[in-house]
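Inspection log for the structure reproduced underneath, given as structure tokens.
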Amino acid sequence: MIPYGKQFLRQDDIDAVVETLNSDYLTTGPKVKAFEDALAEYCEVKYCLAVANGTAALHLASLVLLNKDDKVLTTPNSFLATSNAILYAGAKPVFIDIAEDGNIDLDLCEKALQEDPSIKAIYPVAFSGHMIDQDKLKHLRETYTVTILEDCAHAIGAKDGDVKAASCTNSDISILSFHPVKHMTTGEGGAITTNSKEIYEKLLTLRGHGMVKTPEMKPWEYEMRELGFNYRITDIQCALGISQLKKLDSFIERRIELVKKYDDTFKETLVKPLYTYNGKSSYHLYVVQVDFSKLSLTKVDLFNRLREKSIGIQLHYIPINKQPYYRSLGYGDEKTPVMDKYYEECFSLPMYPKMSDEEQSYVIESLFEVLNA
Ligand SMILES: *Cc1c(COP(=O)(O)O)cnc(C)c1O
């Protein structure tokens with residue numbers, strides 16, 4: 001099976017994990033801090049906290065940024081976790097349509113902020129690795145009193161001019177995920193980045209049960225000052241993360257080769273890339289658009305026929321606001337024409353650093369064979 005994405009592990013990654021398994025610390029040891037420091041340096045941000053997974057990162061970030069009933073603008077085009085985290089904090093997601101690049105439409109966000117000054121925050125997602133427009137974020141942050149969380153689960157390694165993904169240059173917090181389908185993996189894992197010491201310290205406490213220990217306290221003493229969680233990541237996972245991070249740039253370089261090949265192949269065909277190589281993405285997904293109304297096959301047919309050929313194309317994403325749970329909360333009928341069209345026409349082709357030229361050629365041949373049948 002050729003999936004839409006998968007991890008790339010080599011012997012040095014395995015050796016790093018084994019070394020940690022043989023060490024004194026399996027968790028809360030030196031690898032966690034070393035991984036956090038390496039991530040902060042890579043993302044060009046002051047503070048980084050590694051956690052159990054990207055969803056835990058979103059949860060803790062939301063507890064710090066939001067209060068009950070706060071309204072938060074977010075995108076329907078993401079994995080469930082982005083807006084679920086808003087619900088975890090007792091706040092209210094407000095779904096805004098996407099722009100042509102698949103990211104939330106920040107002009108529509110501005111309109112919403114003008115119409116409703118009580119909106120507390122925006123949760124944009126750097127969808128498919130494409131940077132959230134930093135000039136617009138900066139403008140929104142300077143013009144309105146709005147908190148911004150960037151979901152960079154797809155975007156580590158992306159850059160727009162001087163601004164790196166998850167650097168929090170124009171946001172309060174960013175989150176990362178290290179699930180195996182993402183750019184680099186720790187098995188399960190995630191991280192939160194911020195330039196605010198205050199936010200970092202709150203996150204640190206919340207990651208560990210809300211427990212605080214200060215030098216003034218008796219040797220055995222700790223205080224629980226708020227309700228926290230165990231969202232720690234292990235040293236075993238962080239050892240893998242440190243090893244993977246060293247190779248991240250080479251992973252992205254390989255993705256760029258695959259992107260350019262797809263771009264060239266689809267020129268003047270019925271397969272339209274969501275965007276072509278532009279230097280502003282880390283290319284987590286290669287999304288294409290096909291106008292099925294002009295074809296004799298449906299999107300379901302396409303998925304089924306490619307799966308018969310062991311090619312796992314995927315759809316990123318089903319609009320979150322139309323999920324049954326969200327419908328039960330009264331969502332689902334927002335006007336999102338761009339997202340609706342996207343959902344009808346788009347799908348993601350396999351792309352990952354371990355993909356060979358032969359595998360990519362097989363995907364391309366099979367795609368055209370099925371579309372032209
Ligand atoms: C993967 C992902 C998450 C959640 O990360 P996990 O590590 O799987 O919990 C959040 N947001 C987006 C956009 C993602 O793709």
Side-chain angles (χ1 to χ4, degrees), residues 3-7 35-36 39 43 48-63 65 72-89 93 95-96 98 101-104 121-132 148-158 165-166 171 173-193 203 207 229-234 237-238 240-241 244-245 248 255 274 281-287 314-321 323 326 339 342 346-348 351-352:
Y4 81 87
K6 74 170 166 194
Q7 73 275 14
F35 184 42
E36 291 171 339
L39 281 170
C43 296
C48 175
L49 191 80
V51 294
N53 54 64
T55 306
L58 281 161
H59 185 187
L60 295 186
S62 297
L63 292 176
L65 298 180
V72 183
L73 306 181
T74 191
T75 172
N77 194 26
S78 184
F79 183 60
L80 304 166
T82 312
S83 70
N84 283 355
I86 299 168
L87 296 178
Y88 296 159
F95 292 96
I96 300 290
I98 58 172
D101 64 357
N103 284 350
I104 194 168
I122 313 179
Y123 277 30
V125 175
F127 174 77
S128 71
H130 197 246
M131 287 288 283
I132 301 152
I148 294 173
L149 176 147
E150 292 177 274
D151 183 334
C152 293
H154 298 180
I156 191 170
S171 64
I173 288 183
S174 300
I175 71 96
L176 300 167
S177 165
F178 309 118
H179 183 278
V181 296
K182 307 289 160 77
H183 280 289
M184 50 172 273
T185 192
T186 57
E188 295 279 0
I192 314 170
T193 59
L203 291 167
R207 181 180 66 179
F229 302 83
N230 174 1
Y231 277 167
R232 292 187 303 262
I233 187 169
T234 65
Q237 291 165 299
C238 290
L240 179 54
Q244 288 265 292
L245 183 59
L248 176 61
R255 285 173 180 272
L274 184 66
S281 180
S282 53
Y283 310 96
H284 167 56
L285 300 173
Y286 195 90
V287 178
Q314 190 52 279
L315 196 141
H316 302 93
Y317 287 99
I318 302 166
I320 300 175
N321 54 324
Q323 291 288 351
Y326 279 85
M339 182 73 215
Y342 176 97
C346 287
F347 53 93
S348 311
M351 182 172 69
Y352 43 88

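For ligands, and for the atoms within them, numbers begin at 1 and follow the listed sequence. Quick note: numbers below take in every heavy atom, side chains included, and nothing from hydrogens, waters or symmetry partners.
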* If you have a sec, work out which protein heavy atom is nearest atom 11 (N) of ligand 1 and how many Å separate them, to one decimal? => Asp151 OD2, 2.8 Å

* For atom 5 (O) of ligand 1, find the nearest protein heavy atom and state the residue, atom name and distance (0.1 Å precision). => Ser177 OG, 3.3 Å

* Where ligand 1 meets His154 - atom numbers and elements under 4.0 angstrom, heavy-atom basis -> 13 (C), 14 (C), 15 (O)

* Asked: Which protein non-hydrogen atom lies closest to atom 4 (C) of ligand 1, naming both residue and atom, and how far is it?
  -> Thr55 OG1, 3.7 Å

* To do: May I ask you to identify, for Tyr317, whether its side chain, its backbone, both or neither come under 4.0 Å of ligand 1 on a heavy-atom basis?
  => side chain

* If only atom types and distance count, is the side chain of Asn103 paired as donor or acceptor with the main-chain N or O of Phe127 below 3.5 Å? -> yes

* Asked: Between Ser78 and Tyr123, do the side chains contain an N or O donor and an N or O acceptor separated by less than 3.5 Å?
  -> no

* To do: Work out whether the distance between some heavy atom of Gly189 and some atom of ligand 1 is less than 4.0 Å.
  => yes

* **Leu80 atom CG, over 12 foreign heavy atoms within 6.0 Å** => yes

* **Any side-chain heavy-atom pair of Leu39 and Ile156 under 4.5 Å** => yes

* Structure fact -> shortest atom 2 (C) of ligand 1-to-protein heavy-atom contact is with Lys182 NZ, 2.6 Å

* **Atoms in ligand 1 with a heavy atom of Ala153 nearer than 4.0 Å** => 2 (C), 11 (N), 12 (C), 13 (C), 14 (C), 15 (O)

* Structure fact -> In ligand 1, the atoms that come under 4.0 Å of a heavy atom of Gly54 are 5 (O), 6 (P), 7 (O), 9 (O)

* Asked: What orientation do Phe79 and Tyr317 show, parallel under 30°, tilted 30 to 60°, or perpendicular over 60°?
  -> tilted

* **Numbered atoms of ligand 1 (with element) below 4.0 Å of Thr82, judged on heavy atoms** => 11 (N)

* **Non-hydrogen side-chain atoms of Leu176 and Cys43 separated by less than 4.5 Å** => yes

* Side chain to side chain, Tyr231 and Leu203, heavy atoms closer than 4.5 Å -> no

* **Thr185 and Gln7 side chains, donor-acceptor separation under 3.5 Å** => no

* Which ligand 1 atoms does Ser78 reach within 4.0 Å, using its non-hydrogen atoms? -> 13 (C)

